[in-house]
Amino acid sequence: MRIRGLEVLDLRFPTSRTNAGRDAVHLDPDYSAAYVILRTDGGLEGHGLTFTIGRGNEVCAAAIDAFRHLVVGQRLSDITEDFAGYWRRLASDSQLRWLGPEKGVIHLALAAIVNAVWDLYAKSERKPVWKLLADMTPRQIVSCIDFRYITDALTADEALEILERQARTKADREAELLRSGYPAYTTSVGWMGYSDERIRALCREAIAEGFTHFKVKVGGRPEDDRRRVRLVREEIGRDRTLMVDANQQWDVAEAIARVGDLASFNPWWIEEPTSPDDVLGHATIAKAVRELGIGVATGEHCANRIIFKQLLQARAVDFCQIDSCRLGGVNENLAVILLAAKFGIPVCPHAGGVGLCEYVQHLSMFDYIAVAGTMEGRVIEYVDHLHEHFEDPVVIRRGRYVAPTRPGYSITIREASRLEYRYPDGEVWLEKV
Ligand SMILES: [Mg+2]
């Protein structure tokens, strides 16, 4: 099977009209996808996307198109037989790498393509991506990873050892996953633009739906943060878990003070307290807030496996928040999942956005079966927006992700939605003008 065509779409959903997704830093997100369709001579299509929040999505789409010479004409089996080599060719194209390397728009674009290849691969094997990964031998998994720049923290042999430790008992965990799903937490109760009444109502709804973990956006005025966090704590009671997320709002000392200010509400973690590039700043914050029993979570804006490596080496994070398309697709996520396992840090993926819940469920399910061997202390983010646009949307039952069974990466957006939300000429955007 050969890839014969690459189509790129700029899709945008006008979520800013309802304040969905609003936090301290991103005031008016229109959840968007730079969307790729790989067409093959066999008739199968591979779909992939990378996530942005509106303006500039066209830049991502253009960057995806810049990889065309490395995609069209490729045979799928040639890619998958040396997946790490193919990933390296994309990430280290001798001219494109100047735009990164391995960060920013060009890396987001790479992720869309890599994920589309995995969708195609999984469909050709008639398995969902999590199952395709879970069925691979430790050696096959390791052969998908480019270990360049991380061997000081994790070698291929060490990765192999981690995977081999879990290999014999994979079937038991797969059965458990199919039986009980994977724990989720909800971010949908605590967006910044919501009224107190709305937050209370959403908390009650989420409790009725079986959620046990709730995240609230902070980083606004101190008194507002305190009021909103108190309100959620009141609604969910002492026994459920609360997390707070500052979306990079604070400087280091400010973060320590502001988290201290919220400590009496007993948050499990503070997410993105400061700049995502500030490894040592995260380490300073983590050291201070751990004394209060609070962990540091970050990752949705970590550009690549090297930054994750440093965060782990510096003991700067307590929760590793991989992102399916900020990192360079499945392959680089495998590297970070194994790095986290080496350092004993739980992986709790970021999934606020469009399509990210659909994506990351596969990565966490693989992590459970083949790497971590446990779901203990691990949760996948869940937001309840935009799932209706997907052909194979996530299913949440009693606050847990149900394992998808359809072949592929669950990321195909329905054709009618692709037409309606295409920017700037889809119906939903023409209406606005
Ligand atoms: Mg976040």
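Atoms within a ligand are numbered from 1 in the order they appear, just like the ligands themselves.
- Ring planes of His389 and Phe13: tilted class, angle from 30 to 60°.
- Of the options Arg148, Arg326, Arg305, Arg88, a salt bridge (Lys or Arg N to Asp or Glu O under 4.0 Å) to Glu102 is made by Arg305 and by none of the others.
- Ion pairing between Glu235 and Arg200 holds under the 4.0 Å rule for side-chain N and carboxylate O.
- Note on Glu300: its N/O/S atom closest to the Mg ion (ligand 1) is OE1.
- Here Asp245 meets the criterion, with an N, O or S atom under 2.8 Å of the Mg ion (ligand 1).
- With 2.8 Å as the limit, Glu271 counts as an N, O or S neighbour of the Mg ion (ligand 1).
- For Arg228 (side chain) and Gly190 (main-chain N/O), a donor-acceptor pair under 3.5 Å exists by modelled atom type.
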